[in-house]
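None of the values given here were measured: they were computed from a predicted structure.
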Amino acid sequence: MLSFSLRSIIWLVVYLFFILAPLLALLSGSSPPARDFWTEFSVALGYAGLAMMGLQFGLTARFRYVTEPWGEDVIYHFHRRISLIAVGLVIAHPLILFVVRPELLALLNSIDAPWRARFAALSTYSLIALVIMAIWRVELKIRYEIWHLSHIILAVVAVVAGILHMVGWGFYLDDPLKRALWIGLILFWLALLVYIRVVKPLFILRRPYHIVEVRKERGDTTTLVMQPEGHSGFRFVPGQFAWLTLWGSPFKITGHPFSLSSSAEANDGRVEMSIRNLGDFTQQIPSVPVGQRVYLDGPYGAFTVGNPADMHVLIAGGVGITPMMSILRTFADRGDSRPVILLYGSKDWESITFREELETLQGRLNLKVVHVLADPPADWQGERGFITADVFRRHLPPPFADHEYFICGPNVMMDAIEKALSEMGVSLEKYHSERYNFA
């Protein structure tokens, strides 16, 4: 079994190979007549951008063996960042050509331009629209489901139009070796798309679940208890998550990621997701009927306990408590006596999700729970406001750098906590964050 670090290096090398393959094609086989440096440089940027765009299908394919070393959330954030680089390369390609060859500006006239130039424009405009909608989805008030569908359509249009533009010019496709390489890359991208939208959903379709309990929790949160139908379910590590398809089949475009809140020691295949009403898809959760068939794709995520540490510190804000509950419930079922401190930020006393169960778990585990309330009652004697470095110093035993930290909650809270831990001398490898903003 390869170590995570070695697997990470291998997959990085594979990724770089597919990015650089089009540039290697420029240097292989026979070469067309040489052009000036800036023209060739712009073409190289365009090829690299097109290769990055094609590989984006692979980054969202949820290959568990690929994502496991980093975690699915890291892969998705990388997907977003690399998209910006790809768009920059694609836009730089024509801009450089327009500077060195001003006569090419005539190609911007879509009515008179040849079809290969129209495909270049279509690919570029699709990419720009894709990035604008991804960055400003919330500000534009675009529903996640609509955004996800349009994101996929725009991505496919951008890649297909880019390929047709490249074929239309054909400057570097006369050589058989170059043609073979590009045909191979295109078939690879198509295979990724077929896997994501056909093969993988077929496997999930054969492993359905059904709702056996819908349980109301504090804090406008609802727990779905799901039982596998005709199969044993999947094994997971506490802290991981899965993608839920609630209405429809796995071929539906949009799934939603939620943490698994149940113990990993359940032997009947049941899993639980505790979902807070945030006003979007999640507002439908309380109305899900018992018996409803659902589909799960998981488990994913590297937000898991396992590294050596003298103490585990769980830091949760709001519904970020769900992966922490999976960890605590699993520890309780295993009789794990390792010391754990939970710092849990909530709005007020009545909205603390799993409040009563946490009190019970303190009797079963070597667990200390510290509630931090933003709006506490008048007689509250505990921590007020937000989780800060001062709160850490009051409740955590030094040396702080020896503990292992797990952080899950709103992004603003997580950013502030990561900064506080850094100021306290806690190294980056000692704290783990789970973020679900994949859009």
Evaluate the side-chain proximity of Leu342 to Ile321: yes if any heavy-atom separation is below 4.5 Å, no if none is. yes
For a quick test of reading the model, state the closest non-hydrogen atom pair linking Met133 to Leu140 and the distance between them. CA-CD1, 4.5 Å
Just one of Thr223, Thr322, Thr353 clears the side chain to side chain donor-acceptor pair (under 3.5 Å) bar with Glu217, so which one? Thr223
From CA spacing to verdict: side-chain contact (heavy atoms from CB on, under 4.5 Å), Met325, Glu357: CA-CA 9 Å; Met325 287 304 297; Glu357 185 176 357; 3.6 Å; yes
Any donor-acceptor N/O pair, Ser249 side chain to Phe251 backbone, under 3.5 Å: yes
What residues, two or more places apart in sequence or in another chain, satisfy side-chain contact (heavy atoms from CB on, under 4.5 Å) together with Ala389? Arg393, Ala420, Met424
The criterion is salt bridge (charged side-chain N to carboxylate O under 4.0 Å, His left out); which residues satisfy it with Asp336, sequence neighbours excluded? Arg338
Please list all pairs meeting side-chain hydrogen bond (donor to acceptor under 3.5 Å, both in side chains) that have one or both residues in residues 380-389, counting only residues at least two apart or in different chains. Glu383-Arg394, Glu383-His395
Checking Tyr47 against Leu89 for the side-chain contact (heavy atoms from CB on, under 4.5 Å) test, could you report, in this order, the C-alpha distance in whole Å, the side-chain angles of both residues, the deciding distance, and whether it holds? CA-CA 9 Å; Tyr47 277 3; Leu89 294 176; over 6 Å; no
For Asp268, all residues meeting salt bridge (charged side-chain N to carboxylate O under 4.0 Å, His left out), sequence neighbours excluded: Arg270
is_close_aromatic(His403, Tyr431), centroid dist under 6.0 Å: no
Of all residues at least two apart in sequence or in a different chain, which pass the side-chain contact (heavy atoms from CB on, under 4.5 Å) check with Ala416? none
Rounded at 0.5 Å granularity, tell me how far CG in Leu343 sits from CG in Leu396. 6.0 Å
Check whether any side-chain heavy atom of Phe331 lies under 4.5 Å from a side-chain heavy atom of Pro238, and answer yes or no. no
Who are the ring pair (Phe, Tyr, Trp, His ring centres under 6.0 Å) partners of Phe188, not counting sequence neighbours? Phe18
Spacing of CD1 belonging to Ile132 relative to CD belonging to Glu139, to within rounding of 0.5 Å: 12.5 Å
If the condition is side-chain contact (heavy atoms from CB on, under 4.5 Å), which residues does His151 pass it with, not counting sequence neighbours? His79, Leu130, Trp147
Regarding Gln227 and His210, do their side chains bring together a donor and an acceptor under 3.5 Å, going by distance alone? no
Under the salt bridge (charged side-chain N to carboxylate O under 4.0 Å, His left out) test, which residues partner Glu272, sequence neighbours left out? Arg215, Arg329
Val90 versus Leu50: any side-chain heavy-atom pair under 4.5 Å? no
Please state whether the rings of Phe258 and Phe281 are parallel, tilted or perpendicular, taking 30° and 60° as the class boundaries. parallel
Of the non-hydrogen atoms in Pro299 and Phe234, which two are nearest, and what is the gap between them? CD-CD1, 3.7 Å
Apply ring pair (Phe, Tyr, Trp, His ring centres under 6.0 Å) to Phe236 and list each qualifying residue two or more places apart in sequence or on a separate chain. none
Are Tyr209 and His231 an aromatic pair, judged by ring center distance below 6.0 Å? yes
Assess whether side-chain contact (heavy atoms from CB on, under 4.5 Å) is satisfied between Glu229 and Arg293, documenting all intermediate values. CA-CA 9 Å; Glu229 291 184 8; Arg293 174 171 283 186; 2.5 Å; yes
Using salt bridge (Lys or Arg N to Asp or Glu O under 4.0 Å), reason through Arg207 and Asp297 one step at a time and then give a plain yes or no. CA-CA 9 Å; Arg207 298 172 63 85; Asp297 178 18; over 6 Å; no
With sequence neighbours excluded, tell me which residues meet ring pair (Phe, Tyr, Trp, His ring centres under 6.0 Å) with Tyr15. Phe78
Which residues pass the salt bridge (charged side-chain N to carboxylate O under 4.0 Å, His left out) test with Arg276, not counting sequence neighbours? none
How long is the gap from CZ on Arg364 to OG1 on Thr360, to the nearest 0.5 Å? 8.5 Å
Output the distance between atom CD1 (Ile128) and atom OG (Ser123), rounded to the nearest 0.5 Å. 10.0 Å
In terms of side-chain geometry, is the basic nitrogen of Lys347 or Asp220 positioned less than 4.0 Å from the acidic oxygen of its partner? no
Indicate whether the side chain of Ser337 and that of Asn366 have a donor and an acceptor atom separated by less than 3.5 Å. no
Show every salt bridge (charged side-chain N to carboxylate O under 4.0 Å, His left out) that has at least one partner inside residues 151-164, sequence neighbours left out. none
Do Leu296 and Trp243 have side chains that get closer than 4.5 Å, going by heavy atoms? no
Does the gap between the ring centers of Phe303 and Phe406 come in under 6.0 Å? yes
